[in-house]
**Q** 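Following this message is one structure expressed as C-alpha cells.
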Amino acid sequence: MIQKLIDAGDLKQYIQKEGTEEMAKRSKQVQLPEGNRSINIISCSEATGPSLTTQIVKRIRKQFEDYCELYNIDGVEVDEREQWMNAPMTFDAEDIEEDMEDHNDPLVLTLPVAGCNITKILIDGGSSVNVFFYDTFNRMELNDEQLISSYYTIYGFNGAPTKPLGDIVLQVNAGPMKVATRFSVLDASSPYNTIIGQRWVHKLKGVAATYYQYLKFPTPEGVMEIKGDQVTARECQAIQNQLNNEQDE
C-alpha cells in the first residue's frame, strides 16, 4: 500500500531525494587535465574534399592485422579480467538534467589526446575505425613523417571509398585510463575534430548513452563518467547538414 502511494506521488513531501554526495558515490565526473593545449576550432567553410557524415566508416574493406588498442593505467598494462571491471553502470532519471529537452543529439565529448584537450570528438557506435581529420592533425603540430602506411579503404554511408593519408597511434585518456589508439588520418571536410568508434568504447568496457549524454566506464577508483556537450553536438550537426547540401549541389 505504501509503495502504491509513493508511485502515485502522494508521499513525495516525505521522501528525501538522493543528495549530492550520494550521487557522487555512483560515478565520478572526469576532469580535463589543466595545462593542456585546447584544440577546439576546425575550418569547414570550403568543402574541397569528400564530406563525411556521422555514419562515416561503417565498414573497412581490409582490416589491418595490428589494429589493437593498448590499454594501461599510468603506463602499466591492465589485465582485462580485473575485479573492478565488473562494477555496474546504470542510468536513471537523476542523470537527466531538468532543462534537458527531448533530443536526437549524438554524443560529442572533449578528451585529452596526445597532450591536447580535443573538443568536438564524436563517439560513433556505428564506426569500426577511429578517424582523425587532417585539419586537427595539423593544428596539433603533428608531422606527416609520423604517419603509418594504410593498406585499406574506408567506406562511408553512401559507399564512397576514401583512402586515408595514413594511420597514427595517439594516446587517448579517459580519467586514469590511457588507451593507445590507432586513428586513420583523412583529409576531408567535417565539423568534428575526430571520430572515435565502438572498439575504443568496448576497450574501456564503457557504455556510451546518447539519450543521457554520458560515457560511463569502470576504473580502479570506481565508475567514472564524461558528460557530452549538447550545444556543440547541435552546432556540428548544423555544419554537417550544410556540407551535405553543398555536396548535393
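Count residues from 1 along the sequence.
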**Q** State the CG-OG1 distance between Asp135 and Thr194, to the nearest 0.5 angstrom.
**A**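 Rounded to the nearest 0.5 Å, the CG-OG1 separation comes out at 12.0 Å.
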
**Q** For the residue pair Gln213 and Asp105, what are the closest heavy atoms and their distance?
**A**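 Distance-wise, the nearest heavy atoms are NE2-O, 3.4 Å.
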
**Q** Taking the six-membered ring of Phe217, is NZ or CZ of Lys205 closer than 6.0 Å to its centre and within 45° of its axis?
**A**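 Because its charged atom misses either the 6.0 Å distance or the 45° angle limit, Lys205 does not stack over Phe217.
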
**Q** Do Val172 and Ile148 sit in the same hydrophobic cluster, where Ile, Leu, Val, Met, Phe, Trp and Tyr count as joined when their side-chain heavy atoms come under 4.5 Å apart?
**A**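 Hydrophobic grouping puts Val172 apart from Ile148.
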
**Q** Find the distance between OG (Ser127) and CZ (Arg199) and round it off to the nearest 0.5 Å.
**A** 13.5 Å

**Q** Any chain of hydrophobic side-chain contacts (each under 4.5 Å) joining Val131 to Val169?
**A**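 Different clusters: Val131 never reaches Val169 through Ile, Leu, Val, Met, Phe, Trp or Tyr contacts under 4.5 Å.
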
**Q** Give the intermediate values and the outcome of side-chain contact (heavy atoms from CB on, under 4.5 Å) for residues Val207 and Phe91.
**A** CA-CA 10 Å; Val207 178; Phe91 297 86; 3.7 Å; yes

**Q** With side chains defined as the heavy atoms from C-beta onward, is the minimum distance between Val185 and Phe133 less than 4.5 Å?
**A**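 Heavy-atom side-chain distance check fails, nothing below 4.5 Å.
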
**Q** Please report the interatomic distance CD(Gln237) to OH(Tyr192), rounded to the nearest 0.5 Å.
**A** 5.5 Å

**Q** Should Leu142 and Ile168 count as side-chain neighbours, where that means a heavy-atom distance under 4.5 Å?
**A**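 Contact flag for Leu142/Ile168 side chains = yes.
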
**Q** Evaluate the side-chain proximity of Leu165 to Phe137: yes if any heavy-atom separation is below 4.5 Å, no if none is.
**A** no

**Q** Hey, any chance Tyr134 and Leu170 share a hydrophobic cluster, counting ILVMFWY side chains that come within less than 4.5 Å of each other, even indirectly?
**A**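 Yes, because Tyr134 and Leu170 connect within a single hydrophobic cluster, where side-chain heavy atoms sit under 4.5 Å apart.
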
**Q** Quick one, Asn130 with Arg182, criterion side-chain contact (heavy atoms from CB on, under 4.5 Å). Give me CA distance, side-chain angles, the key distance, then yes/no.
**A** CA-CA 7 Å; Asn130 306 306; Arg182 187 158 184 163; 5.7 Å; no

**Q** Apply side-chain contact (heavy atoms from CB on, under 4.5 Å) to residues Glu225 and Met89 and explain how you reach the verdict.
**A** CA-CA 10 Å; Glu225 63 185 28; Met89 286 169 286; over 6 Å; no

**Q** Is the closest side-chain donor-acceptor distance between Gln146 and Asp144 under 3.5 Å?
**A**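 No, no side-chain donor-acceptor pair sits under 3.5 Å.
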
**Q** Scan side-chain atoms only and decide if Asn117 and Thr110 contain a donor-acceptor pair under the 3.5 Å cut-off.
**A** no

**Q** What I'd like to find out is whether the side chain of Leu215 reaches to under 4.5 Å of the side chain of Val201, using heavy atoms alone.
**A**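 Yes; the side chains approach each other to less than 4.5 Å.
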
**Q** Give a yes or no answer on whether the side chain of Lys216 reaches the backbone of Thr90 with a donor-acceptor pair at less than 3.5 Å.
**A**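 Such a contact is found between Lys216 side chain and Thr90 backbone.
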
**Q** Does Gly175 offer a backbone N or O that forms a donor-acceptor pair with the side chain of Asn173 under 3.5 Å?
**A** no

**Q** Side chain to side chain contact (heavy atoms under 4.5 Å, CB included) with Ile196: which of Ile123, Val129, Leu109?
**A**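 Only match with Ile196 under side chain to side chain contact (heavy atoms under 4.5 Å, CB included): Ile123.
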
**Q** Within the 4.5 Å heavy-atom criterion, are His103 and Tyr211 side-chain neighbours or not?
**A**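 Yes - at least one pair of side-chain heavy atoms lies under 4.5 Å apart.
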
**Q** Flag this pair as yes if the NZ/CZ of Lys227 is under 6.0 angstrom from the six-membered ring centre of Tyr214 and inside a 45 degree cone about the axis; otherwise no.
**A**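 Geometry flag: set, cation within 6.0 Å and 45°.
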
**Q** Mind checking the OG1-CG spacing from Thr181 to Asp167? Nearest 0.5 Å is all I need.
**A**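 One finds 12.5 Å between OG1 of Thr181 and CG of Asp167.
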
**Q** Show the nearest heavy-atom pair for residues Met224 and Pro176, with the distance to one decimal.
**A**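 Scanning both residues, the minimum pair turns out to be SD-CD, 3.5 Å.
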
**Q** Tell me, do Arg234 and Val231 make a side-chain contact under 4.5 Å, heavy atoms counted?
**A**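 Arg234 does not reach Val231 side chain to side chain.
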
**Q** Have a look at Pro164 and tell me which of Asp187, Ile154, Thr153 forms a side chain to side chain contact (heavy atoms under 4.5 Å, CB included) with it.
**A** Ile154

**Q** Look up atom SG in Cys236 and atom CD1 in Ile121, then write down how far apart they are to the nearest 0.5 Å.
**A** 11.0 Å

**Q** Assess the residue pair Gln171 and Val113 against the criterion (side-chain contact (heavy atoms from CB on, under 4.5 Å)); give the C-alpha distance rounded to whole Å, side-chain angles, the decisive distance to 0.1 Å, and a yes or no.
**A** CA-CA 6 Å; Gln171 181 172 285; Val113 180; over 6 Å; no

**Q** Is the ring pair Phe183/Phe132 parallel, tilted or perpendicular, if the boundaries are 30 and 60 degrees?
**A** perpendicular

**Q** I need the minimum non-hydrogen distance between Ala174 and Trp200, along with the two atoms involved.
**A**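 It is CB-CH2, 4.2 Å.
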
**Q** Rounded at 0.5 Å granularity, tell me how far CE in Met85 sits from CG in Leu204.
**A**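 Between Met85 CE and Leu204 CG, I get 9.5 Å after rounding to 0.5 Å.
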
**Q** Less than 4.5 Å apart, any side-chain heavy atom of Pro220 and any of Met177?
**A** yes

**Q** Would one find more than 12 heavy atoms of other residues, nucleotides or ligands at under 6.0 Å from atom CG of Asn143?
**A** yes

**Q** Please report the closest heavy-atom contact between Pro191 and Gln240, naming both atoms and the distance.
**A**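 Reported closest heavy-atom pair: CD-OE1, 3.2 Å.
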
